[in-house]
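Just so you know, these numbers use all the heavy atoms, side chains as well, and skip hydrogens, waters and symmetry mates. So you know, we letter chains A, B, ... as the sequences are listed, proteins then strands, and number each from 1.
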Protein chains: 2
Amino acid sequence: MQQKTDKIKPSEKILTTAFECLSTRGYANVSMRNIAKEAGVALSQLTYYYKNKEKLFIEVINMMTVQYLHEIEKNLESVMGEKEKLASLVRFFKELIRNKPKLLKLFIDFIAQALWIPSFREQLNSLFTELTQIIEENLLTDPKTKKKYLEYSPKTVAKLILGALLGTSIQIVLGSDRDSAFESLNLAESLLN
Amino acid sequence: MQQKTDKIKPSEKILTTAFECLSTRGYANVSMRNIAKEAGVALSQLTYYYKNKEKLFIEVINMMTVQYLHEIEKNLESVMGEKEKLASLVRFFKELIRNKPKLLKLFIDFIAQALWIPSFREQLNSLFTELTQIIEENLLTDPKTKKKYLEYSPKTVAKLILGALLGTSIQIVLGSDRDSAFESLNLAESLLN
DNA sequence: TTATTGGTCGTACGTACGTCCGAATTCTAT
DNA sequence: ATAGAATTCGGACGTACGTACGACCAATAA
């Protein structure tokens, strides 16, 4: 029965357990020992595979970044027209908030850590850059769309879209009345159309 | 010469020093001992006045909340017309980012802590509520303004504005190219007009 | 068979943390 | 002047942390 779970590579088991712990309790409140214990592995295994706590967290974020950036791009490719793509992006975020709030929390926690830890900051910056580019290339290339924002560059528009999605998500994840804030995302969509 | 600084109440000295430390290095990276030392006060004084680290941070946030909420309201009262008030709010945020980035960092850090610490979360929620109300009452009462957003409630609009300001600020504080992201705030303003 | 390598483990080191406590000092009101 | 309260101090307690180390074990290659 447990054959398969036993065959999981320890390094992967550590990684997924680390994600579970970090996204549930936060970087500052999770110790290497916690992760080791929960993964059913010796503490020193974490050092062996990931060197230290900082690098382990970076790997966790990396894993999530790769996975979800792909998912976003797949989502955007699956519909035609920039209006529809925007709708699709908003829908993606709403589903993320509803179904994977832990992922959002992990991400917000990571942002805060990036304030003080240079290696995190670097990684976060490249994530922001990639996200902005995806938005730019998918939602803002049509001349018709461009005209609407006249003097503003696509990059500026993309950053605002990302900012609004991020800021609203934060309010939702942390706030009490979830549904009222969801409405804000709908409004964002219609304002941009 | 130092008469005046010596006369500062220790509790206040602790509070301002705590702000300085927290906004420079972050909640997780600042110890009670750090603050005590920097404030020139015995460690146990922090416990005496603020009970524990959590409550001390809450007091710091409280101080900042009171001060800057007042400042925002004062700012909004000083101009007439909802368009102008929106412009004034955006200007306020831009100046905040430019002149008091440490305050922004403190705030972002606080948001992340609020993910895991219930007392922080409570305080953050009431701060969000107050901010939303200020926006609602100052920028969204004019019937002319209301019409623009048709089916959306003022609260929803207010939350989006707050979200966009917050999300964009985060990108600016953490990002490398500050000026390009400032543009996003200008765009936000014109989109809402 | 033996030697080498990669993986696994338990443990220990040094340090830092938040909190607590009892004694000393200063202030205040009678 | 003095009792009592408020303040200040240094130090200690127990715990938790990230990291490092050296000993095993299993598989592989010569």
> Would you say B/Y49 reaches D/dT8's phosphate, i.e. side-chain N/O to OP1/OP2 under 4.0 Å?
Replying inline: yes
> Out of C/dC20, C/dC17, C/dT19, which nucleotide sits closest to the side chain of B/N52?
Replying inline: C/dT19
> Of all the nucleotides listed (C/dG6, D/dT8, D/dT19), which has the minimum atom distance to the side chain of A/Y48?
Replying inline: C/dG6
>> Measure NZ/A/K13 against C1'/C/dG7 and give the value in whole Å, please.
In response: 18 Å
>> Of the listed nucleotides (C/dC9, D/dG11, D/dG18), which one gets closest to any side-chain atom of B/L43?
In response: D/dG11
> Separation of A/Q45 atom CD from D/dG18 atom P, in whole Å?
Replying inline: 17 Å
>> Measuring from the side chain of B/K53 (C-beta onward, heavy atoms only), which nucleotide among C/dG10, D/dC9, C/dT19 has the closest atom?
In response: C/dT19
>> Does D/dT19 have OP1 or OP2 under 4.0 Å away from a side-chain N or O of A/T47?
In response: no
> Is the distance between the ring centroids of B/F120 and B/Y27 less than 6.0 Å?
Replying inline: yes
>> Do the side chains of B/E20 and B/K102 get close enough for a salt bridge, i.e. N-O under 4.0 angstrom?
In response: yes
> Rounding to a whole Å, what distance do you find between A/R25:CZ and D/dC17:P?
Replying inline: 10 Å
> Given atom CG of B/N29 and atom P of C/dT15, what is their separation to the nearest angstrom?
Replying inline: 20 Å
> How many Å lie between NZ on B/K9 and P on D/dA6, as a whole number?
Replying inline: 14 Å
> What is the distance from NZ of A/K37 to C1' of C/dG10, rounded to the nearest Å?
Replying inline: 14 Å
> Has B/E73 got more than 12 heavy atoms of other residues, nucleotides or ligands less than 6.0 Å from its CD?
Replying inline: yes
> Within the modelled atom types, does a donor on one side and an acceptor on the other bring the side chain of B/S44 and the base of D/dG10 under 3.5 Å apart?
Replying inline: yes
> Where each residue is assigned the nucleotide of DNA chain C containing its nearest heavy atom, which of B/N34 and A/R33 is assigned the position nearer the 5′ end?
Replying inline: A/R33
> Would you say the side-chain atoms of B/D142 pair up with the backbone N or O of B/E82, donor to acceptor, closer than 3.5 Å?
Replying inline: no
> Whole Å only: how far is the CE atom of A/M32 from the C1' atom of D/dA20?
Replying inline: 12 Å
> Would you say A/S88's side chain and A/E84's backbone share a donor-acceptor pair under 3.5 angstrom?
Replying inline: no
> Rounding to a whole Å, what distance do you find between A/K55:NZ and D/dG18:P?
Replying inline: 15 Å
